[in-house]
Number of protein chains: 2
Amino acid sequence: MDKELDIFIDFLRERNLKLTSQREDILKVFLKIDKHLSVEELYDIVKKKNPRIGQATVFRTLKLLREAGFAGEVNLGDRCIRYEYKYGHKHHDHLICIECGRCIEVVDPKIEELQQILCKREGFSPQKHKMEIFGLCKACRKGSRKAK
Amino acid sequence: MDKELDIFIDFLRERNLKLTSQREDILKVFLKIDKHLSVEELYDIVKKKNPRIGQATVFRTLKLLREAGFAGEVNLGDRCIRYEYKYGHKHHDHLICIECGRCIEVVDPKIEELQQILCKREGFSPQKHKMEIFGLCKACRKGSRKAK
DNA sequence: CACCTAATTGATTTTGAATTTCAATATCAA
DNA sequence: TTGATATTGAAATTCAAAATCAATTAGGTG
């Protein structure tokens with residue numbers, strides 16, 4: 001979407017950064033894919049669109065996208081940092097299947113509210129939070145029952 | 001404590017693993033320290049007690065302690081895996097100060113309950129979860145106010 | 001106790017993601 | 001167009017995590 005691109009351009013200008021074709025390409029791919037991607041996975045996809053882009057640029061641009069509020073870090077239990085598209089998406093938490101890796105996005109307003117209260121009680125000023133529940137998804141529960 | 005050691009010995013025997021002085025030393029230090037330690041930090045401490053122990057052994061033993069239910073992984077936002085002592089400790093979540101790194105352990109039974117309900121709604125069978133709230137602790141809030 | 005086998009150790013190496021370096025290149029305001 | 005400055009990408013570096021392997025050790029068995 002051009003709206004996102006405009007926002008990104010504004011963000012860059014505010015910081016005296018430049019819009020390059022690489023940054024534009026990476027942003028577009030990142031927006032379109034809308035999955036939890038590692039730097040390398042995103043790099044592999046971006047490469048198809050523009051083979052001259054280097055890994056370092058993807059890495060650095062992803063960092064920019066994070067700072068611009070487009071990308072958020074996710075930890076899916078594998079040993080690498082993953083990024084998800086954030087802008088325009090509401091905050092959500094993750095249910096992660098330890099069997100098949102599937103990731104269900106959820107929100108519970110009551111939990112969010114209780115978190116605020118919890119923080120207030122501790123004199124803590126929250127900025128962001130992560131909640132990840134690991135377990136078996138519906139499909140894998142059935143699968144493992146069969147295995148027994 | 002000897003109770004923990006006994007449990008560890010049982011765990012080892014069940015798996016046809018052997019109790020070694022290294023494993024015993026590492027367990028004891030880990031139990032005593034009771035902080036969120038990285039492999040390397042634990043190694044540095046263990047080395048003082050027994051300088052002949054190698055990093056690899058600490059790494060491997062920590063993995064065992066995790067499997068035995070003594071240690072749990074924690075992610076404090078720095079880029080390494082930390083372990084905390086779990087056995088006999090109740091489950092808890094973390095408020096992590098992004099300014100001073102302090103880590104407050106908290107539990108909210110209502111949140112825990114809502115998590116269960118949330119999972120049930122999704123047909124998800126939870127095994128463990130992590131909730132981490134990042135922000136400013138009481139002390140750092142005051143500090144940053146002064147800074148302005 | 002001595003033997004024997006399988007597990008363990010630790011120095012070292014390897015891996016792999018995250019990050020930095022730096023000379024060449026591109027952007028964009030004037 | 002120009003020039004100061006930001007950016008790029010190949011390559012190098014960093015660093016924790018994990019694997020390798022010959023030497024050592026635990027602990028069951030006779």
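Just so it is clear, the model here is predicted, and its values are computed rather than measured. All chains are named by letter (A, B, ...) in the order of the sequence lines, taking the proteins before the strands, and each is independently numbered beginning at 1.
- Checking A:Leu19 against B:Pro51, the closest nucleotide of DNA chain C that is more toward the 5' end is the one next to B:Pro51.
- Candidate nucleotides C:dA6, C:dA29, C:dT19 were compared by shortest atom distance to the side chain of A:Arg13, and C:dA29 ranks first.
- Counting to the nearest Å, the P atom of C:dA7 and the CD1 atom of B:Ile9 are 19 Å from each other.
- In the displayed structure, B:Arg15 atom CZ is contacted under 6.0 Å by more than 12 heavy atoms of other residues, nucleotides or ligands.
- We find that CD of A:Glu73 is positioned 13 Å from C1' of C:dA17, with the value rounded to whole Å.
- Between the CD1 atom of B:Ile26 and the C1' atom of C:dT8 there is a distance of 11 Å, given to the nearest Å.
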Next item on the list: Would you check, one step at a time, whether the test side chain to side chain contact (heavy atoms under 4.5 Å, CB included) holds for A:Arg23 with A:Arg60?
Entry: CA-CA 9 Å; A:Arg23 285 177 177 169; A:Arg60 286 180 291 225; over 6 Å; no

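- Taking 4.0 Å as the cutoff to heavy atoms of chain B, we find the contact window on DNA chain D bounded by D:dA16 to D:dG27.
- Contact annotation: A:Arg79 does not reach the phosphate of C:dA18 (side-chain N/O to OP1 or OP2, under 4.0 Å).
- Taking only distance into account, the side chain of B:Lys18 meets the base of C:dA6 through a donor-acceptor pair shorter than 3.5 Å.
- The nearest whole Å value for the distance from the CD atom in A:Glu24 to the P atom in C:dC28 is 10 Å.
- Under the 30°/60° scheme for interplanar angles, the aromatic rings of A:Tyr87 and A:Tyr85 are found to be tilted.
- Atom C1' of nucleotide C:dG16 and atom CD1 of A:Ile81 are separated by 13 Å, given to the nearest angstrom.
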Next item on the list: May I have the step-by-step check of side chain to side chain contact (heavy atoms under 4.5 Å, CB included) for B:Lys130 and A:Lys130, ending in yes or no?
Entry: CA-CA 8 Å; B:Lys130 291 179 188 173; A:Lys130 289 179 190 175; over 6 Å; no

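- At whole-Å resolution of the value, CG in B:Leu17 and C1' in C:dT9 are 14 Å apart.
- Rounded to whole angstrom, the span from the CG atom of A:Asp25 across to the P atom of C:dT27 amounts to 12 Å.
- For the segment residues 56-65 of chain B, the set of residues with a heavy atom within less than 4.0 Å of an atom of DNA chain D comprises B:Ala56, B:Phe59, B:Arg60, in numerical order.
- In terms of position along DNA chain D, the nucleotide closest to A:Gln22 lies nearer the 5' end than the nucleotide closest to the other residue of the pair A:Gln22 and B:Tyr83.
- Using a 4.0 Å heavy-atom criterion, one finds that B:Gln55 contacts no nucleic acid atom at all.
- Looking only at atom types and distance, the side chain of A:Glu84 has a donor-acceptor partner in the side chain of A:His92 under 3.5 Å away.
- When hydrophobic residues (I, L, V, M, F, W, Y) are linked wherever their side-chain heavy atoms come within less than 4.5 Å, the members clustered with B:Val106 are A:Leu95, A:Ile104, A:Val106, A:Ile111, A:Leu114, A:Ile117, A:Leu118, A:Phe124, A:Met131, A:Ile133, B:Leu95, B:Ile104, B:Ile111, B:Leu114, B:Ile117, B:Leu118, B:Phe124, B:Met131, B:Ile133.
- Under a cut-off of 6.0 angstrom, the local environment of NZ in A:Lys138 is sparse, with at most 12 non-hydrogen atoms contributed by other residues, nucleotides or ligands.
- The two residues A:Leu136 and A:Cys97 have their closest heavy-atom pair at CA-SG, 4.1 Å.
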Margin query: Go through it in stages, so that I can follow the logic: the residues are B:Val107 and B:Lys90, the test is side chain to side chain contact (heavy atoms under 4.5 Å, CB included), and I'd like the CA-CA distance, side-chain angles, deciding distance and then a yes or no.
Written below: CA-CA 9 Å; B:Val107 207; B:Lys90 284 218 181 99; 5.6 Å; no

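- Regarding B:Tyr43, its OH atom lies at a distance of 11 Å from the P atom of C:dT12, rounded to whole Å.
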